[in-house]
2 protein chains.
Amino acid sequence: MEDNTARFEKLLVKNGLKRTAPRLQVLEILSGRDSATSQPYLEQVMGKDADRVTLYRVLQAFEEKGIIHKVLDQQGTANYAICSDGCSAHEHHDEHVHFNCDNCHKIYCLDTVKIPALKVPAGFKVDRLNLIATGLCAGCSDKIN
Amino acid sequence: MEDNTARFEKLLVKNGLKRTAPRLQVLEILSGRDSATSQPYLEQVMGKDADRVTLYRVLQAFEEKGIIHKVLDQQGTANYAICSDGCSAHEHHDEHVHFNCDNCHKIYCLDTVKIPALKVPAGFKVDRLNLIATGLCAGCSDKIN
DNA sequence: TTATATTTGCAACATAATTGCATTAAAATG
DNA sequence: CATTTTAATGCAATTATGTTGCAAATATAA
């Protein structure tokens with residue numbers, strides 16, 4: 001299925017978003033990567049195809065609709081990845097672990113690893129969990145050792 | 001023990017840092033709070049007692065020496081808290097859960113809650129874990145309901 | 001094809017963080 | 001206690017990140 005564009009267009013329409021060039025481009029970039037993509041990288045790749053502000057707004061809209069989710073890496077930089085199915089505007093289901101590689105700085109969504117339930121002190125009410133593991137990813141682990 | 005200052009001076013000397021006013025002030029502020037303290041708050045409280053840049057450098061030095069640790073909240077804002085004993089320049093031991101309150105936005109270090117061990121895909125090597133729970137803290141939980 | 005509602009781009013602004021450098025102050029030395 | 005050395009501070013300038021208001025452009029509905 002090389003016809004990503006058609007798929008993306010459907011995705012936009014489904015979420016009540018208009019089919020615009022910047023939005024399609026963001027989806028194209030994000031879907032072509034195996035790890036979460038940083039805002040600075042997106043900005044660089046899109047170049048002058050779209051304004052900085054537009055990029056921020058596209059990302060914000062996508063996040064609100066549950067199309068992508070944001071992960072902050074250890075430096076506080078925003079990274080984005082396409083959500084798994086089941087995320088919607090009302091509810092994100094991205095409670096998987098994110099892995100931040102010290103070497104290549106990629107952020108992987110470890111969809112298969114669930115965050116374990118947590119015991120918190122009395123009174124605290126946990127709504128969301130966000131676990132970032134840092135270390136070496138499979139690829140870098142090989143290269144370095 | 002109201003003689004914090006003497007204690008802080010020792011802490012600085014032990015870490016090869018000179019006893020300066022901005023450093024003592026930062027330690028004073030951080031130790032007087034029950035939750036992690038944001039950079040903006042520190043900046044505001046210190047006012048013109050110290051330059052912004054000095055504050056950044058003090059925080060950086062403290063973090064490197066293992067005196068404080070940094071936690072990024074859900075907005076990516078840097079927050080700082082004094083480390084538990086056992087942290088040093090070589091090794092931080094802050095693998096406790098951080099709790100980010102949606103209401104008061106405080107960040108609590110839940111020292112008693114350990115992050116559970118994690119199974120990651122083959123090849124990945126976990127070095128550090130960072131778990132942020134978001135929800136309502138005990139205080140706000142009371143007030144709201 | 002036109003009307004409407006979104007979306008974009010631009011300009012300006014806000015905040016967070018970093019760097020280089022001259023000045024100042026703390027601690028070490030004699 | 002005076003002096004030297006080394007570390008830390010303050011200032012100015014710069015970069016990165018993110019936001020807001022508004023006019024112009026464009027996608028879609030009518």
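The figures that follow rest on heavy atoms only: side chains count, while hydrogens, waters and symmetry mates do not. Residue numbering restarts at 1 for every chain, and letters A, B, ... go by the order of the sequence lines. Because the structure is a prediction, the values reported are computed rather than measured.
- At the heavy-atom level, B/Ala21 lies nowhere under 4.0 Å from the strands shown.
- With D/dG18, C/dA11, C/dA17 as the candidates, the nucleotide lying closest to the side chain of B/Tyr56 is C/dA17.
- Across all strands, B/Glu43 comes closer than 4.0 Å to no nucleic acid atom at all (heavy-atom distances).
- With hydrogens and angles ignored, no donor-acceptor pair closer than 3.5 Å exists between the side chain of A/Lys18 and the base of D/dT26.
- Taking for each of B/Pro40 and A/Asp49 the nucleotide of DNA chain C with the nearest heavy atom, the 5'-most of the two is the partner of A/Asp49.
- With rounding to whole Å, B/Lys48 atom NZ is found 15 Å from D/dC11 atom C1'.
- Atom CG in A/Leu24 sits roughly 10 Å away from atom P in D/dA27 (whole-Å rounding).
- We find that OH of A/Tyr80 is positioned 10 Å from C1' of D/dT17, with the value rounded to whole Å.
- Between A/Gln39 atom CD and D/dT19 atom C1' the separation is 13 Å, expressed in whole Å.
- Within the 4.5 Å cutoff, the side chain of B/Ser38 has no heavy atoms near those of the B/Tyr80 side chain.
- Legend: residues meeting side chain to side chain contact (heavy atoms under 4.5 Å, CB included) with B/Arg33, ordered by chain and number and at least two apart, are B/Ile29, B/Ser35, B/Thr37, B/Tyr41.
- Without hydrogens or angle criteria, B/Asp102 side chain to B/Asn100 main chain gives no donor-acceptor distance under 3.5 Å.
- In this structure, B/Phe99 CZ and B/Asp73 CG are separated by 13.0 Å, a value rounded to the nearest 0.5 Å.
- The distance between atom CD of A/Gln60 and atom P of D/dT19, rounded to the nearest whole Å, is 6 Å.
- Residue B/Ala61 is classed as having no contact, given no heavy-atom separation below 4.0 Å to the nucleic acid.
- Taking the side chain of A/Thr20 as heavy atoms from C-beta on, and the options D/dT9, D/dA27, D/dT17, the nearest nucleotide is D/dA27.
- For B/Arg52, taking side-chain heavy atoms from C-beta onward, the closest of the listed nucleotides D/dG21, C/dA16, D/dA27 is C/dA16.
- Protein atom CG of A/Asp51 is 17 Å distant from nucleotide atom P of D/dG21, rounded to whole Å.
- Distance from the side chain of B/Arg57 is smallest for D/dG10 among the nucleotides C/dT8, D/dG10, D/dT28.
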*Assess whether side chain to side chain donor-acceptor pair (under 3.5 Å) is satisfied between A/Asp49 and A/Gln25, documenting all intermediate values.*
CA-CA 9 Å; A/Asp49 292 350; A/Gln25 198 181 355; 3.0 Å; yes
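- Between the C1' atom of D/dA29 and the CZ atom of A/Arg19 lies a distance of 16 Å, rounded to the nearest Å.
- Atom CD of A/Gln75 is separated from atom P of D/dG18 by 13 Å (rounded to the nearest Å).
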